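Note that the structure is predicted; figures quoted are calculated from it, not measured.
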Amino acid sequence: MTAEQAMRRALAASVAVHGRTSPNPPVGAVVLDAAGEVVGVGATEPAGGAHAEVVALREAGERARGGTAVVTLEPCAHHGRTPPCTDALRAAGVQAVHIGAADPNPVAAGGAELLRAAGVTVTWSELDVAGGPLRAWLHSVRTGRPHVTWKLAATLDGRSAAADGTSRWITGPEARAEVHEFRSHVDAIVVGTGTARADDPALTARNPDGTDRPHQPLRVVVGHSDLAPGSRLTAPDVLHLRTQSPDDVLKALADRGVVDVLLEGGPRLAGAFVQAGRVDRVLAYLAPALLGAGPAALGAAGVGTIADIRRLQVDTVRVVGADVLVDARPA
């Protein structure tokens, strides 16, 4: 197996733990022996547990000596809750380390240079590792705030509900299943009190048969209004932030170790986040349907003239069942 093939295997390992490691990054690692055979695969354990490199080296044992460690994020060079991964790699006797993305954290960075100084060959992957499970964590380190993905479901004429307020279902079962898969990999789901009162959503990550997935994100309601007694979001494990400020919301979540946020609120809350420049990714599920009237997917977003338009850069467009998904980010 080549180093780049092993990097794809490491990425798959990181996907499996995405959403379960915050505030630590979801890293994947693969150890190849001297002959290029996979002898260890690992991923970041929940906060306080072992890092991906240590998990993979533990599985590899003595077969790691003279081999190659392939890791999606630059190995850490500092002693936090666990010892530096650079120490573990050197102690294991690996000859080379192949890295997916540089660590932007000034406290932990420098692992690549430290390994080179110790005589270990260091190479960098050509794959877009930073756009995978590490995306939100890298963003949070660089900006100091959680990464926000706004998910919307709308008709081709931009309506998120009919004139009478009904909205189930605009998109098809394939799109809804994909959203539940996405929910199972984020740290928190955020809606406003208006959406909570109108739809009484569960905000859980569910399998197609309706059962809960193993990982459930923190459920967050934003707004000053109380919810109706007995609604599904009046549960003790739901965080109700009595504010309308996106920055206040993100600070409160960051203080709880939240890195990756899924915004599923209605048009008013979405507009507030867009106006504040706090939407980092847009997942727009567009149904081939028309309503002609009803609430728009996005409310007031601070755009008064075409010169203020919020343009996006489209990363991918693909068909999901009968619907189309546009995956975009601020230009």
Shortest non-hydrogen contact between [X] and [Y], atoms and distance:
| X | Y | answer |
| --- | --- | --- |
| Ser184 | Arg213 | CB-CD, 3.5 Å |
| Ala276 | Pro246 | CB-CG, 4.0 Å |
| Ala154 | Ala297 | CB-CB, 4.2 Å |
| Ala161 | Pro295 | O-CD, 3.4 Å |
| Pro25 | Leu73 | CG-CD2, 3.8 Å |

Would the distance check show the side chain of [X] and the main-chain N or O of [Y] forming a donor-acceptor pair, the cut-off being under 3.5 Å?
| X | Y | result |
| --- | --- | --- |
| His215 | Gly19 | yes |
| Thr204 | Arg206 | no |
| Ser140 | Gly144 | no |
| Thr68 | Val97 | no |

statement: So salt bridge (Lys or Arg N to Asp or Glu O under 4.0 Å) across residues 62-73, not counting sequence neighbours, yields Asp33-Arg63, Glu62-Arg65
Is there a donor in the side chain of [X] and an acceptor in the side chain of [Y], or the other way round, less than 3.5 Å apart?
| X | Y | result |
| --- | --- | --- |
| Thr166 | Asp164 | yes |
| His51 | Asn24 | no |
| Thr195 | Glu264 | no |

For a 4.5 angstrom cut-off between non-hydrogen side-chain atoms, does [X] reach [Y]?
| X | Y | value |
| --- | --- | --- |
| Glu126 | Glu4 | yes |
| Asp226 | Arg242 | yes |
| Asp237 | Arg219 | yes |
| Pro75 | Leu89 | yes |
| Pro104 | Trp137 | yes |
| His139 | Asp280 | yes |
| Leu233 | Pro201 | yes |
| Leu325 | Leu283 | yes |

query: Does the pair Arg176 and Thr171 meet the rule for a side-chain contact (heavy atoms from CB on, under 4.5 Å), with working shown?
result: CA-CA 7 Å; Arg176 298 198 298 275; Thr171 54; 4.0 Å; yes
Using a side-chain heavy atom cutoff under 4.5 Å and only I, L, V, M, F, W and Y, what cluster partners does [X] have?
| X | answer |
| --- | --- |
| Val249 | Val148, Trp150, Leu152, Val190, Leu218, Val220, Val222, Leu239, Leu241, Leu250, Leu253, Val258, Val261, Leu263, Leu269, Phe273, Val274, Val279, Val282, Leu298, Leu312 |
| Leu156 | Leu286, Leu290, Val314, Val317, Val324, Val326 |
| Val54 | none |

- request: Could you tell me the separation between the CG atom of Leu262 and the CZ atom of Arg281, rounded to the nearest 0.5 Å?
  value: 10.0 Å
query: At what distance, to the nearest 0.5 angstrom, does CZ of Arg135 lie from CG of Asp260?
result: 9.5 Å
query: Pairs in or reaching into residues 85-94: which pass side chain to side chain donor-acceptor pair (under 3.5 Å), with residues at least two apart or in two chains?
result: Asp87-Arg90
- request: Keeping to residues at least two apart or across chains, list the side chain to side chain donor-acceptor pair (under 3.5 Å) pairs with something in residues 305-317.
  value: Asp315-Arg329
query: Looking at Arg318 and Glu178, does any basic side-chain N land under 4.0 Å from a carboxylate oxygen?
result: yes
task: Would you mind checking if Lys251 and Asp247 are paired as a salt bridge, meaning a charged N to carboxylate O distance below 4.0 Å?
output: no
- request: Take Ile189 and Arg183 through the test side-chain contact (heavy atoms from CB on, under 4.5 Å) and record every step on the way to the result.
  value: CA-CA 7 Å; Ile189 303 178; Arg183 283 181 175 183; 3.5 Å; yes
Evaluation steps, side-chain contact (heavy atoms from CB on, under 4.5 Å), between Val27 and Leu134: CA-CA 7 Å; Val27 179; Leu134 286 173; 4.2 Å; yes
Arg20 and Asp187: CA distance, side-chain angles, deciding distance, salt bridge (charged side-chain N to carboxylate O under 4.0 Å, His left out) verdict: CA-CA 8 Å; Arg20 297 158 176 79; Asp187 299 324; over 6 Å; no
message: side-chain contact (heavy atoms from CB on, under 4.5 Å) for Ser125 and His98? Distances and angles first, verdict last.
response: CA-CA 7 Å; Ser125 175; His98 190 61; 3.7 Å; yes
